[in-house]
Trainee: 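Once you've had a glance at the structure underneath, I'll fire off some questions.
Just so it is clear, the model here is predicted, and its values are computed rather than measured. Proteins get letters first, then strands, A, B, ... in listed order; numbering begins at 1 in each.
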Amino acid sequence: MQKNKQVRTRFAPSPTGYLHIGGARTALFSWLYARHSQGKFVLRIEDTDQQRSTEESTRAILDAMEWLGLNWDEGPYFQAERVTIHREMIRKLIDEDKAYYCVCTPEELEEKRRRALAEGRKPKYDGTCRDRKLPPSDGAVVRFRCPQTGTTIVEDLIKGKISFNNEELDDLIIQRSDGYPTYNFAVVVDDAQMNITHVIRGDDHVNNTPRQILLYEALDYEIPQFGHVPMILGADKTRLSKRHGATSVMAYKELGYLPEALVNYLVRLGWSHGDQEIFALDELIELFDLGSIGKSAAVFNPDKLLWLNQHYIKSYPEEKLLDVLRPFWKKSGLDVTDSDYGLHIVRDLKARAKTLPEMVESSLFYFTDEPPIDADAAAKFLTPEIADHLGAIADELTTLSDYSKEGIEAFLRNLAEARSIKLKTIAQPLRIALTGKTASPGLDDIMLTLGKERVSSRIRRAVSYIRNHRLS
RNA sequence: GGUCCCAUCGUCUAGUGGUUAGGACGCUGGCCUCUCACGCCGGAAGCCGGGGUUCAACUCCCCGUGGGACUACCA
């Protein structure tokens, strides 16, 4: 075992799309383990598939990593830039007779596979070219001569011991006919040469692991530790995909989720620490361990993520919340230049929103002198007999010297008492006068944020609204 | 089909042979209250099935069943 070696983990996405929820969690686990162990976290882009890899995808993945706060110590390395190294190692294997050229065509192989399946045999490569000692040629691939006897044991950090009979393994292609190495080969060479000590990846890779171990041995590399993390499923227990809703990390940013919420959600999907649900990042780094990752697949639960988002919104520092809110306000055509006003709004609203756009939506009344008055609400609460009370509030407000939350609260109560009515009686009408709606932050909060002037004019507007609609 | 993995409330999970099976989301009853939230208190809801092992199994073993992954010149 590599006892005193520095821990080195990596995240190795292929740039064929955005960073999705599943990949993000794997990256998070890998990152946390490196940080917890004071090791290094390496980012490597697996772009050996020339057809499907794009630069936009690479950019998108990097952006998402940054948004989540998963900073890397080395890289990004690009696998495609390392083909010279890969070819060198392939050369070595051929020279040692551990690999060989194969000229079977994809069509022939497909046909054999079909026939094997139809006859109920296992569809593995039949070894046609295994001992033909073929020279290199155009269109030939290179296959690894996989040991056909014995067993290969994977000591998985998460799943425990997994054993495979080598006879189940066939001679996998390590170099394609276009001269590029395949994933299973490149990943071994790169992980080994980058001194990765812990390969943490999705458990869709477990069946690749024994062949990779055999490759490590053939190349005389030290074998790293493996940890295969379970998949994330959709509500119907099938692999998470677009039809289960947003699966891209950046989509959640756009939907108004906080990175802290997504990280907290993702880490608890599979990993746990007793009954604790809320984890700050530094706490996670301190507590995280691979042993506490569960073995079974988990269903993605949008409701719980929403709850966490709400939690982080209400406990976010107000200045920070104001900052992340700005782009969302901008989308609604609002530019909050008065930071003091913005901070007041944030304070009023932070306990009442699950997402950022939701918060923007409920903040709209702060930004217009004439918030649209909900007709049903007006019909119910803006009655003729209320007009007088409202007018009185506006009038007496001018004499209120202690315009603080407590002062306003007392003012309203005293006024109600003086007029022999319940505060309840004027609360809703006043709320509608100020916001146009029946649901809002507390009256004292809104009035404080809005300021005396806005409050007075909105009340007078409501009074004339009543006159126009009810007393005509 | 073959290989491999997995299995506690609807969902995420704690549990590590003896517990009234705990927490969280969601659902729900109530409290707080100027509305809506927040918060607080309570409730319904679970060990896939069958065999063993054991004085005792959610926990260990086996077999079913169910789900998932892989089975590419994708990663």
Trainee: Between A:K304 and A:E277, is there a side-chain N and carboxylate O pair less than 4.0 Å apart?
Mentor: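 Here A:K304 pairs with A:E277 in a salt bridge, since their nearest N and O are under 4.0 Å apart.
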
Trainee: Within the 4.0 Å heavy-atom criterion, would you say A:D303 contacts the bases, only the backbone, or no part of the nucleic acid?
Mentor: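 Sugar-phosphate contact only.
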
Trainee: Give A:V141 one of three labels, base, sugar-phosphate or nothing, depending on what nucleic acid heavy atoms sit under 4.0 Å from its own.
Mentor: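 The answer is base, as A:V141 lies within the cut-off (heavy atoms under 4.0 Å) of a base atom.
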
Trainee: Return the nucleotide paired to B:A14: Watson-Crick means purine N1 to pyrimidine N3 with N6-O4 or O6-N4, wobble means G-U with N1-O2 and O6-N3, both under 3.5 Å.
Mentor: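 By the stated definition (distances under 3.5 Å), nothing pairs with B:A14.
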
Trainee: Remember a base hit wins even if backbone is also touched, and classify A:P441 as base, sugar-phosphate or nothing at under 4.0 Å, heavy atoms.
Mentor: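 Base, at least one base heavy atom under 4.0 Å.
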
Trainee: Kindly point out which of B:C25, B:U3, B:A75 is positioned nearest to the side chain of A:W307?
Mentor: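 Of the options given, the side chain of A:W307 lies nearest B:C25.
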
Trainee: Would one find a side-chain N or O of A:K237 under 4.0 angstrom from OP1 or OP2 of B:U11?
Mentor: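 So the side chain of A:K237 is within the cut-off, an N or O lying under 4.0 Å from OP1 or OP2 of B:U11.
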
Trainee: Quick one: are the ring centres of A:F300 and A:H244 less than 6.0 Å apart?
Mentor: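 Between A:F300 and A:H244, the centre distance exceeds or equals 6.0 Å.
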
Trainee: Does the distance from a Lys or Arg side-chain N to an Asp or Glu carboxylate O, for A:K405 and A:D445, drop under 4.0 Å?
Mentor: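 Yes.
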
Trainee: For the side chain of A:T48, counting heavy atoms from C-beta on, which of B:U3, B:A75, B:C73 is nearest?
Mentor: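 Of the candidates, B:A75 comes closest.
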
Trainee: Flag the pair A:R44 and A:D191 as a salt bridge only when some basic side-chain nitrogen lies within less than 4.0 angstrom of an acidic carboxylate oxygen.
Mentor: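 A:D191 and A:R44: salt-bridged.
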
Trainee: In the strands shown, is B:C73 matched to any nucleotide by a Watson-Crick or G-U wobble pair with both distances under 3.5 Å, and which?
Mentor: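 Across all strands, not a single nucleotide pairs with B:C73.
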
Trainee: Determine the contact category for A:L269: base if any of its heavy atoms lies under 4.0 Å from a base atom, sugar-phosphate if only primed atoms, P, OP1 or OP2 are that close, otherwise nothing.
Mentor: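 Sugar-phosphate: the residue A:L269, judged by heavy atoms under 4.0 Å, touches backbone atoms but no base.
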
Trainee: Have a look at A:N165 and say if it touches a base, only the backbone sugar-phosphate, or nothing, with a 4.0 Å heavy-atom cut-off.
Mentor: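 The residue A:N165 makes no contact with any strand.
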
Trainee: Please pick, from B:G2, B:A69, B:C34, the nucleotide with the shortest atom-to-atom distance to any side-chain atom of A:D444.
Mentor: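 From the listed options, B:C34 comes nearest.
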
Trainee: Looking at B:G39, I'd like to know if its phosphate oxygens (OP1 or OP2) sit under 4.0 Å from a side-chain N or O belonging to A:K314.
Mentor: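 So the side chain of A:K314 is within the cut-off, an N or O lying under 4.0 Å from OP1 or OP2 of B:G39.
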
Trainee: Answer yes or no: does a side-chain N or O of A:R239 lie under 4.0 Å from OP1 or OP2 of B:C70?
Mentor: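 Indeed, a polar side-chain atom of A:R239 lies that close.
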
Trainee: With a cut-off of less than 4.0 Å, is there a side-chain N or O of A:K122 near OP1 or OP2 of B:U71?
Mentor: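 A:K122 to B:U71 OP1/OP2: no side-chain N or O under 4.0 Å.
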
Trainee: Just to confirm, is there a sub-4.0 Å distance from OP1 or OP2 of B:A72 to any side-chain nitrogen or oxygen of A:R113?
Mentor: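 For A:R113, the contact criterion (side-chain N or O under 4.0 Å from OP1 or OP2 of B:A72) is met.
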
Trainee: Check every atom of B:A7, B:G68, B:C4 against the side chain of A:S296 and return the nucleotide holding the closest atom.
Mentor: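 So the nucleotide nearest the side chain must be B:A7.
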
Trainee: Has A:R115 got a side-chain N or O lying under 4.0 Å from the OP1 or OP2 atom of B:G1?
Mentor: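 So the side-chain polar atoms of A:R115 never come under 4.0 Å of the phosphate oxygens OP1 or OP2 of B:G1.
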
Trainee: Which residue is it: A:N208, A:T26, A:T9, A:T209? I am looking for the one with a side chain to side chain donor-acceptor pair (under 3.5 Å) to A:R201.
Mentor: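 Looking at A:N208, A:T26, A:T9, A:T209, the match for A:R201 under the side chain to side chain donor-acceptor pair (under 3.5 Å) is A:T209.
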
Trainee: With A:R87 as the cation and A:Y180 as the aromatic partner, state whether NZ or CZ is under 6.0 Å from the six-membered ring centre and within 45° of the axis.
Mentor: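 Pair A:R87/A:Y180 counts as cation-pi.
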
Trainee: OP1, OP2 of B:C34 versus side-chain N and O of A:R413: anything below 4.0 Å?
Mentor: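 Yes, A:R413 has a side-chain N/O under 4.0 Å of OP1/OP2 on B:C34.
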
Trainee: Across the strands shown, which category fits A:E46 at heavy-atom distances under 4.0 angstrom: base, sugar-phosphate, nothing?
Mentor: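 Result for A:E46 = sugar-phosphate.
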
Trainee: Can you tell me if the side-chain N/O atoms of A:S272 get under 4.0 Å from OP1 or OP2 in B:A14?
Mentor: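 Yes, within the criterion.
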
Trainee: For A:H205, report the nucleic acid contact type (base, sugar-phosphate, nothing); a contact means any heavy atom under 4.0 Å.
Mentor: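 The answer is base, as A:H205 lies within the cut-off (heavy atoms under 4.0 Å) of a base atom.
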
Trainee: Base, sugar-phosphate, or nothing: which does A:T16 touch, judged by heavy atoms less than 4.0 Å apart?
Mentor: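 Nothing, no heavy atom under 4.0 Å.
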
Trainee: So what does A:C104 hit on the nucleic acid, given a heavy-atom distance under 4.0 Å: a base, only sugar-phosphate, or nothing?
Mentor: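 Answer is base: heavy atoms of A:C104 come under 4.0 Å of a base.
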
